[in-house]
Structures are given as C-alpha cells and as structure tokens.
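In what follows, a single structure is set out as structure tokens and then discussed.
Residue numbers count from 1 along this sequence.
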Amino acid sequence: MQAYNRLPTSGNSSPSSPPASPVSRSPRYRHRPSKSVRASGPKTLAQRLTWIVLSVLLKRQGIFLFAPLLYIGGMLFYMGTVSFDVVPVIKPRPAPGSVYRSPQLYEKVRSEMDSDNSYGDAISTIWKHSYKGGEWRPCINKSTEGLHESNGYIFVEANGGLNQQRTSICNAVAVAGYLNATLVIPNFHFHSIWRDPSKFGDIYDEDFFMKTLENDVRIVKTVPGYIMERFDYNMTNVHNFRIKAWSSIQYYRSTVLPKLLEEKIIRISPFANRLSFDAPSVVQRLRCLANYQALRFSNPILTLGESLVARMKERSANNSGKYVSVHLRFEEDMVAFSCCIYDGGKQEKIDMDAARERGWKGKFTKPGRVIRPGAIRLNGKCPLTPLEVGLMLRGMGFDKSTSIYLASGRIYDSERNMAPLLEMFPLLRTKEMLASAEELAQFQNYSSRMAAIDYTVCLHSEVFVTTQGGNFPHFLLGHRRYQYGGHSRTIRPDKRKLALLFDNPNIGWKSFKKHMLNMRAHSDSKGIELKRPNDSIYSLPCPDCMCKLNKTEDSRSSSVL
C-alpha cells in the first residue's frame, strides 16, 4: 500500500482522487508535466533545491509526516520572515512556594486580620489532646549500690553550642558509667561560630552535677597528677580516640575499654553525637539521670532566668500568667548558612556573601556547587522571618493581647524585620527588654550563657514555638515533656506547607486562618510521642525516662530502668 501524498507532483495519487487518464499512463507522456504544473514549478535556484530535497525525503515513508513542516520551514527561511539572530527568551514561572512573598501576603490580609473578632481565648484552650493517651510522670531510679573500682579516666572534649555540648555531657556520663570509668568534667571547645570561652562551671552547677551522680558515675574535676605525670602534664599526649558518629555502646566495650585498662586514661575528641540513640536500658537510665536531674544551670544563670519567668507571668496577668515563647532563628549567620533569599535586595546579598565567607571560608563557593534557594524554600528549610512567625501565630488564634517571649540572638536587619512582628504582638519581649543592662552585663559576649537564659524562660512557658529546628528546640521538646506529664506543649509548624501558603496570592484571611488552626491542632495531637529505637532520648523521654499513669495499664515504675 502506498503512502498518502498531498503533493500532486510526487508521482502518486491519493486514495480519494480519480484514477489517472490513459494518456498519463503512456510511456510517452509519463515524465512530461502539464503546462499548469510547469507554470507553477520552482523557478529560482533556492526553490529548485528545496523542491529536490523534499522530493528525496518524500521517497522515505518513515519521515513523510515531517514533510509539510520541512517545506514550510524552508520557505520561511528563504523568504526571510524568521530571524535567527533574535531568539525569544522564555522565563519560566517560579514554582509555587519557591519565592519569598510574605510581605505581600501581610499587606493583603492585614486589615481583615486586625478586624477579626473571632479569636477567643487561644492560650487557655490550645492543648485539647494533652492527655488523650494517658499522663506520664518522671521515674528515673538512682543507684543505691556502691561503685566498683574504676577502670581509668575518660576525658572528653565537647564541641558545638550550648545544647550540642549538653549531648556530649550526657553521653559521656553514660559511657563512663557503662565502662565503670571515672569521668573528668568535660572540656568545652571554643567554636568559631559561637566564640564562647565558657567552662563547664560557668554554665552548669558543677557540684550539684557531681553530687547527683555520685552513686552512679565517678566524676572528678581534674586528672590526678600521678596520671598526668606520665604524659608530661600535657593532655595532647594522651591517646585520643577518633570515634565515628552514632557508634554503639558495644563498640566502646570492645574497642575503647581495652585501651582504657592499658593506659588508665583516654581522651575522646571531638565528642558530641558519638553514641547511638539505640542503647540498652542501663545506658538510657544514665542519660536520663544526667539530662533531667544532674544538669542544672549555674546559680547566676538560674537566678536571672527565673526572674525573667516571673516578669513574663506578671505581664501575662490577662491570660492567668500564661505566655508564649518563640525560638526564632533569624540571625545573620543562620540566614547566610541557609542560602535562602528574602526581600533585602542587593544589600542582603552583600551581607550574606560576607557572612558565609567569614564563617565558612569558601564552603559555599566551591567549584561545581549549585545552590537553589527556591528548592530550599520549597523543602521547608528556610528560617522563618519575624513577619512569617507573626502571621502564623495570628492565624493560630493568638491576638494582640498575647504575651510573647522571643528567644533569639541578634536578628538580621532587626529594625526592618522586627517591625511587623511588633505590630502584630505589641506585648512581645526579649531578655534584653525584660532585664536591665546591669543584670545582663555578666552574660554579654557569652553566647552559651545567653542561650541558657532563653532556655529557662522557654521551659516554663505555656506554649513553645519552634521555627527552625536544631539542638535548642530538640532539648526543650524533651525537657517540656518531662516537666508537663509527657506532653511537649510545643507548636512545630509544617514549613513546607507554610511556604506554599505564604506564596499564595489568592488566599484570603479566613482560608489562611483555617490552615493555621489545623496546623496548631496537629501539634497538639502529636504532643505525646513515644521514643522509637533510633529516636533521640533528649526529645522523647517516654518511655525510657518516664512511666505511664493509666488506670487500665500497670505502672512501669517498678520495672523501668
């Protein structure tokens, strides 16, 4: 069967055309075109070449469908109607949620938000599902037996900020207790980002720490001289274990313990996340004991922190002394590290490039490294701005009369970025606003001590809001669960969903508020969670550090830990 042909000069007739006349089938006339065809045939050289090319191509039936396009393209090229010097630039539209447009949303919904009178008493009714699964209580048993002879000394060097160091301390207690070793009070690294020279005793109550653990782990402040004499009183001469992150406790018994017995002292540096969360109950008990009972802030920090808690409660009299605490990560280094783009324009880019180079020395400018701010935002990894936090909380039902404590470092471009949040929540306070300059003087320039003050005020709030993740909210989640019957009383927003909502030009206030109330309810229902094998005991203390109180179930107090 022959291919269908639209061109009368190709030598083939279409199925619907009448048969050729006998004259046309005669050999004498087969190759002689009619006068009309000769009159309309190609006259110039370019037209003849185009005609020949098309004729050759049409003989191959596989590309027959492309013939009209090729013919039209060739004619347009010849006639000069298409210029290849100018190529139209097609700019793809950014994916929904990939661009920071929260200021535009604020301007759109602001008037409707301010006139909304349907808030109710959000702070008193927020935790509807707090004890749906039963209440929990702390139940960490201390040892009553005497300690065996020590196998040697363990010296660890904790790295990171306040709560990463806290991880190191608790893990070191667990390892030392498991290996029947004597723990030397951990040493803190001076980090290039935090730049805090504080020692253990500057942040924590050292004597209380040792006293609480005295029946479970031997702890000393310094290594005895007769041990250090063998190493010329230089700790760098002591054998240092470079242990992989999340190593099992069995690794410490099989690899670290023999060296400890041989040398009588070992050093582990760095030591933060060097112990697996999946561990036997004897290890978990020591972690619980260290984190929730032995680690208490030093007296200066505790005194000021509790004073600020009292002042926040006084300012929250209209809400029965209840206030909301927000952990806001919008410092310059955090914004720079995230590689997200906001609305600061050229100056923001200059500031962020300088901050990245200052803090991470070429990490973000390595050849081949591609940074996609839009994808980062869509993935929910961009730090929430003060404006976005305000919109979220207002949508969740907290009105202008809500007292808010803001836990944060120095906000990037604070005068501009903080203005909308203060408009939405005029009763917002920070430690700098609550405390006098004299009270804060001894803590200035010590980032870990300032963070410890924030930690204390957030711990006692009715609602805690985490906006970015990290070790600070990680520990507060667990500590609040331990303190509030197993419920974290914490709002953890879905930042991927927030990115889409903040970038929606068509959303109205009522629709936005509905989404926010659903998000708040989800945080409430997820307030009580149980630790799975590889989860962190520092954010999920149930059931390793707590016992369930439920009449239908037996209490675990006699069997746990």
Side-chain angles (χ1 to χ4, degrees), residues 133 136-140 156 158-178 186 204 243-252 268 270-295 327 329 380-381 407 448 451-452 454-455 458-459 464-495 522-523 525-548 556 560-561:
W136 293 73
R137 67 172 178 84
C139 59
I140 306 171
V156 303
N159 58 308
L162 175 70
N163 291 287
Q164 193 170 358
Q165 291 170 347
R166 193 179 185 110
T167 304
S168 300
I169 297 166
C170 298
N171 287 349
V173 167
V175 169
Y178 190 76
Y204 299 105
I243 296 177
K244 292 182 180 180
W246 317 115
S247 293
S248 68
I249 195 66
Q250 288 74 24
Y251 172 84
Y252 286 88
I268 307 177
F271 188 82
N273 300 318
R274 295 298 186 271
L275 179 61
S276 170
F277 284 132
D278 187 10
S281 60
V282 62
V283 174
Q284 303 294 56
R285 183 183 72 85
L286 291 171
R287 278 170 152 169
C288 294
L289 186 60
N291 186 50
Y292 297 113
Q293 292 191 17
L295 278 179
H327 182 226
R329 293 305 313 274
K381 299 298 184 181
S448 292
D454 280 339
Y455 187 101
C458 290
L459 180 63
F464 173 60
V465 182
T466 173
T467 64
Q468 182 60 18
N471 288 303
F472 186 93
H474 176 84
F475 271 88
L476 266 170
L477 273 169
H479 208 149
R480 289 172 64 83
R481 285 192 170 107
Y482 188 80
Q483 179 170 282
Y484 295 120
H487 193 281
S488 65
R489 297 190 182 184
T490 298
I491 292 175
R492 288 182 287 173
D494 183 344
K495 292 176 63 181
H522 180 74
S523 291
S525 63
K526 296 286 286 185
I528 293 180
E529 294 181 89
L530 301 184
K531 179 187 177 298
R532 295 166 296 185
N534 291 318
D535 288 335
S536 168
I537 199 170
Y538 306 121
S539 62
L540 295 165
C542 306
D544 295 275
C545 312
M546 305 183 75
C547 302
K548 190 173 185 179
R556 296 176 61 255
V560 170
L561 309 176

Taking the side chain as every heavy atom from C-beta outward, state whether Ile249 and Val282 have any pair of such atoms under 4.5 Å apart. no
Report all side-chain donor-acceptor pairs from residues 468-478 shorter than 3.5 Å, counting only partners two or more places apart or in another chain.
{"residue": "Gln468", "atom": "OE1", "partner": "Lys495", "partner atom": "NZ", "Å": "2.4"}
{"residue": "Gln468", "atom": "NE2", "partner": "Lys381", "partner atom": "O", "Å": "3.4"}
{"residue": "His474", "atom": "NE2", "partner": "Ser536", "partner atom": "OG", "Å": "2.7"}

About how many Å separate SG of Cys547 and CZ of Arg137, when rounded to the nearest 0.5 Å? 5.0 Å
Has the side chain of Ser523 got a donor or acceptor atom that lies under 3.5 Å from a matching backbone atom of Arg492? yes
Arg287 and Asn171, any side-chain heavy atoms less than 4.5 Å apart: yes
To check you understand the geometry: which heavy-atom pair defines the closest contact between Tyr204 and Ile169, and what is its length? CE1-CD1, 3.8 Å
With heavy-atom distances below 4.5 Å as the criterion, would you say the side chains of Asn163 and Tyr538 are in contact? no
If you measure from CZ on Arg166 to NE2 on His479, what distance do you get to the nearest 0.5 Å? 6.0 Å
Ignoring hydrogens and angles, tell me if any N or O in the side chain of Gln284 forms a donor-acceptor pair with the backbone of Ala174 under 3.5 Å. no
Kindly check if Cys288 and Cys545 bring their SG atoms closer than 2.5 angstrom. yes
Which heavy atom of Cys458 sits nearest to which heavy atom of Arg480, and what is that distance? O-NH1, 2.8 Å
Show the nearest heavy-atom pair for residues Gly161 and Ser448, with the distance to one decimal. C-OG, 4.4 Å
Closest non-hydrogen contact found for Ala272 with Asn159 is CB-OD1, 3.3 Å
Out of curiosity, Asn273 CG to Ile243 CD1, how far, rounded to the nearest 0.5 Å? 12.5 Å
Backbone N or O of Pro533 within a donor-acceptor pair of the Lys531 side chain at under 3.5 Å? yes
If you round to the nearest 0.5 Å, how far is CD1 of Ile537 from CZ of Arg285? 11.5 Å
For residues Leu275 and Tyr178, determine if any side-chain heavy atom of one lies less than 4.5 Å from a side-chain heavy atom of the other. no
Looking only at atom types and distance, does a side-chain atom of Arg481 sit under 3.5 Å from a main-chain N or O of Pro541, one as donor and one as acceptor? no
Answer yes or no: is there a donor N or O on one side and an acceptor on the other, between the side chain of Ser168 and the main chain of Phe271, under 3.5 Å? yes
Would you compute the distance between atom CG of Asp544 and atom CD1 of Ile140 and round it to the nearest 0.5 angstrom? 10.0 Å
For the CD atom of Gln483 and the CG atom of Leu459, what is their distance to the nearest 0.5 Å? 4.0 Å
Minimum heavy-atom separation for Leu530 to Trp136, with atom names? CD2-CZ2, 3.3 Å
Working for side chain to side chain contact (heavy atoms under 4.5 Å, CB included), residues Tyr482 and Gln293: CA-CA 11 Å; Tyr482 188 80; Gln293 292 191 17; 3.6 Å; yes
Side-chain touch Tyr252/Val283, heavy atoms, less than 4.5 angstrom: no
Of all the heavy-atom pairs spanning Asn291 and Leu295, show the shortest one and how long it is. O-CB, 4.1 Å
Side-chain contact, heavy-atom cut-off 4.5 Å: His327 with Val465? no
